[in-house]
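Each remark here refers to the structure printed beneath this line.
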Amino acid sequence: MSKLIDNFGRQIAYVRLAVTDRCNLRCQYCMPAHGIDIVPKQELLTFKEMYRLIRVLTELGVTKVRLTGGEPFVRKDFVGFLEMLSYNDLLDAINITTNGALISKYIADIEKLEKVKNINLSIDSLKAVKFNEITRRNAFDAVFKTMELLEKSTLKLKLNVVVQSGINTDEIKDFVRLTKDRNLAVRFIEEMPFNGNGQREMNENWTFNKILNEIETEFKVTEVQSEKSSTSRNYTIENHRGTFGIIPAFTRSICNDCNRIRITSTGTFKNCLFDDGVFNLREFIRNGASNDDLKKLFLSLVKEKPANGFIAEANRTKGGVSESMSTIGG
Ligand code: SAM
Ligand code: SF4
């Protein structure tokens with residue numbers, strides 16, 4: 001079987017698929033208050049098209065998929081799509097990133113799907129007023145309830161916390177404290193400029209090192225060995241049930257071991273979060289491409305994967321990084 005190997009010898013095993021560009025929240029670091037210009041429905045990939053693209057990718061060695069958005073659960077019958085994807089015998093794991101506001105009623109159904117193992121829940125503040133300010137919606141109670149239900153479920157729970165200067169940096173240690181008695185992994189993410197031009201000014205740069213230093217003012221941490229392709233560096237604290245990690249999303253020190261590609265909700269293939277889209281898969285398949293055509297295409301597209309996110313950003317042709325993360329699929 002041909003494998004997806006780029007020019008730097010990195011084997012692609014993980015695809016992130018945005019199932020929609022729509023969202024029920026308006027996080028300040030992700031989009032402007034009025035939202036983004038969503039695309040007409042017919043420009044979104046259908047679930048059948050997504051299933052087919054993932055199937056072809058798994059025949060080329062992809063074993064893991066992360067479903068994201070926009071908010072995946074905003075898309076009608078997303079849980080049905082999870083079931084459909086579960087039939088792909090070449091897939092080992094289906095992970096989901098969600099804001100959690102709509103999902104509590106689906107948790108029992110999701111638990112039954114053997115391949116759905118990890119849920120990343122985005123929660124940037126443990127204080128209702130602040131959370132609602134960040135997301136510009138009153139969703140704190142629903143998201144907090146989801147967190148508690150997920151923690152008790154059979155799913156592995158990670159909390160995604162975007163570290164925003166002057167907004168939630170005072171809560172970094174509160175999030176670490178949460179790992180004392182709870183079986184969850186907190187992952188602090190460096191904020192990136194993917195905000196659809198909706199962001200307030202950032203007055204201080206909370207990088208990986210700065211976040212770690214802040215945590216070390218109170219906790220004695222030990223780094224744990226992570227999977228080579230992990231997006232985060234991960235740590236334990238003695239007597240804590242949970243763990244924490246930091247994702248150097250903006251300082252990009254993890255690119256050497258990247259094993260990921262992305263497909264946006266409109267079918268744009270991306271080799272890197274920071275590139276501006278490499279190929280329109282939707283048109284390719286709607287114009288009649290066969291699975292063999294798709295395989296040849298993927299094998300050649302990954303050869304264009306840039307060495308790192310800085311090169312990807314420098315190679316952009318459509319202007320600087322400013323698109324909303326909800327169009328890319330974070
Ligand atoms: N709506 C879902 C959610 O919020 O979890 C899935 C899509 S969201 C785009 C995926 C992840 O990207 C979330 O954890 C979110 O916090 C993160 N994200 C969005 N904009 C970001 C930014 N400008 N910088 C860093 N992370 C960002
Ligand atoms: Fe929606 Fe997720 Fe973006 Fe927040 S981060 S606006 S929940 S897509």
Side-chain angles (χ1 to χ4, degrees), residues 16-39 65-75 78 94-103 118-125 130-140 142-143 146-147 150 157-165 167-169 171 175 184-202 205-208 211 231-232 245-252 254 260 262-265 270 273-274 309 313 320-330:
R16 294 195 178 203
L17 172 67
V19 300
T20 181
D21 61 347
R22 276 83 165 149
C23 190
N24 51 330
L25 304 187
R26 294 285 179 275
C27 303
Q28 298 205 25
Y29 51 79
C30 181
M31 58 173 74
H34 54 81
I36 56 163
D37 295 332
I38 54 171
V39 302
V65 60
R66 172 168 299 282
L67 302 172
T68 175
E71 172 49 38
F73 287 87
V74 161
R75 183 129 183 197
F78 174 64
I94 302 170
N95 300 331
I96 305 169
T97 304
T98 173
N99 64 37
L102 305 169
I103 83 166
N118 297 294
I119 299 230
N120 286 22
L121 176 71
S122 300
I123 178 164
D124 303 306
S125 172
K130 197 194 290 180
F131 178 95
N132 292 342
E133 258 169 40
I134 293 172
T135 58
R136 303 191 182 103
R137 294 288 183 272
N138 289 329
F140 180 77
V143 174
T146 295
M147 181 181 87
L150 284 173
L157 174 61
K158 291 183 183 165
L159 302 185
N160 281 4
V161 181
V162 178
V163 178
Q164 303 154 61
S165 80
I167 310 279
N168 64 353
T169 49
E171 289 189 65
F175 274 105
L184 49 79
V186 174
R187 292 160 20 118
F188 297 102
I189 308 175
E190 287 176 352
E191 182 172 353
M192 298 174 281
F194 292 105
N195 54 49
N197 292 323
Q199 178 63 304
R200 68 257 141 164
E201 296 245 313
M202 277 167 71
N205 197 2
W206 277 78
T207 58
F208 180 97
I211 298 167
T231 51
S232 55
I246 307 176
I247 303 183
F250 193 57
T251 50
R252 288 164 255 184
I254 44 165
R260 292 172 288 282
R262 290 164 191 272
I263 300 176
T264 71
S265 58
K270 284 170 70 75
L273 181 58
F274 287 86
E313 189 175 357
V321 169
S322 66
E323 61 271 40
S324 163
M325 193 70 116
S326 73
T327 64
I328 309 173

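Both ligands and their constituent atoms are indexed starting at 1 by order of listing.
Listed by atom number, the atoms of ligand 1 under 4.0 Å from Glu190 heavy atoms are 25 (C). Atom numbering of ligand 2 starts at 1 in the shown order; those under 4.0 Å from a heavy atom of Met31 are 6 (S). Distances below 4.0 Å separate heavy atoms of Ser326 from the following atoms of ligand 2: 8 (S). Close contacts between ligand 2 and Asn99 involve ligand atoms 7 (S) [criterion: under 4.0 Å to a heavy atom]. Interface atoms of ligand 2 facing Cys27, defined by a heavy-atom separation under 4.0 Å, are 4 (Fe), 5 (S), 6 (S), 7 (S). Close contacts of ligand 1 with Thr68, meaning ligand atoms under 4.0 Å from a residue heavy atom, involve 6 (C), 7 (C), 10 (C). Near Leu25, with a cut-off below 4.0 Å to any heavy atom, the atoms of ligand 2 are 6 (S), 7 (S). Near Asn160, with a cut-off below 4.0 Å to any heavy atom, the atoms of ligand 1 are 14 (O).
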Checklist entry - Hey, mind stepping through Glu71 and Asn99 against side-chain hydrogen bond (donor to acceptor under 3.5 Å, both in side chains) and telling me if it holds? => result CA-CA 7 Å; Glu71 172 49 38; Asn99 64 37; 3.3 Å; yes

Next on the checklist: side chain to side chain contact (heavy atoms under 4.5 Å, CB included), that's the test. Do Thr264 and Lys270 meet it? Break it down for me.
Outcome noted: CA-CA 8 Å; Thr264 71; Lys270 284 170 70 75; 3.8 Å; yes

Item to check | Phe78 vs Leu67, side chain to side chain contact (heavy atoms under 4.5 Å, CB included): CA-CA, chis, key distance, verdict | outcome: CA-CA 10 Å; Phe78 174 64; Leu67 302 172; 3.9 Å; yes

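Between Phe274 and Met192, the closest side-chain pair of non-hydrogen atoms falls below 4.5 Å. Phe140 has its side chain out of reach of Thr135: every pair of non-hydrogen atoms, C-beta onward, lies at least 4.5 Å apart. Here the side chains of Arg66 and Asn120 are in contact, with some heavy-atom distance below 4.5 Å. Residues Met147 and Ile119 have side chains not in contact (no heavy-atom distance under 4.5 Å, counting atoms from C-beta outward). Residues Val74 and Leu102 are in side-chain contact: their nearest non-hydrogen atoms beyond the backbone lie under 4.5 Å apart. Looking only at side-chain heavy atoms (C-beta outward), Ile96 and Phe73 come within less than 4.5 Å of each other.
Within the 4.0 Å heavy-atom criterion, the part of Thr98 lying near ligand 1 is the backbone and not the side chain.
Within the 4.0 Å heavy-atom shell around ligand 1 one finds Asn99. A heavy-atom separation below 4.0 Å is not found between Met325 and ligand 2. Contact analysis leaves Ala249 out of contact with ligand 1, as no non-hydrogen atom separation drops below 4.0 angstrom.
Remark: minimum distance from atom 26 (N) of ligand 1 to any protein heavy atom is reached at Val162 CG2, 3.5 Å. For atom 24 (N) of ligand 1, the nearest protein heavy atom (residue, atom name, distance) is Met192 N, 2.9 Å. Of the protein's non-hydrogen atoms, Cys30 SG, 2.4 Å is the one closest to atom 3 (Fe) of ligand 2. The closest protein non-hydrogen atom to atom 1 (N) of ligand 1 is Gly70 O, 3.0 Å. Of the protein's non-hydrogen atoms, Ser122 OG, 2.6 Å is the one closest to atom 5 (O) of ligand 1.
Formation of a donor-acceptor pair under 3.5 Å by the Glu190 side chain with backbone atoms of Phe208 is found in this model. The closest donor-acceptor contact from the side chain of Gln28 to the backbone of Glu133 lies under 3.5 Å.
Taking 2.8 Å as the threshold, Cys23 does not count as a candidate ligand of atom 3 (Fe) of ligand 2, since none of its N, O or S atoms lies below it.
Among Ile96, Asn24, Thr97, the residue whose heavy atom lies closest to atom 10 (C) of ligand 1 is Thr97. The residue from Phe73, Phe250, Phe194, Tyr29 that puts a heavy atom closest to atom 15 (C) of ligand 1 is Tyr29.
Annotation: cation-pi geometry satisfied between Arg252 and Phe250 (NZ/CZ under 6.0 angstrom from ring centroid, within 45° of ring axis).
The OG1 atom of Thr98 sits 4.5 Å away from atom CD1 of Ile103, with the distance rounded to the nearest 0.5 Å.
Checked by distance only, ligand 1 and Met325 stay at 3.5 Å or farther apart across all their nitrogen or oxygen atoms.
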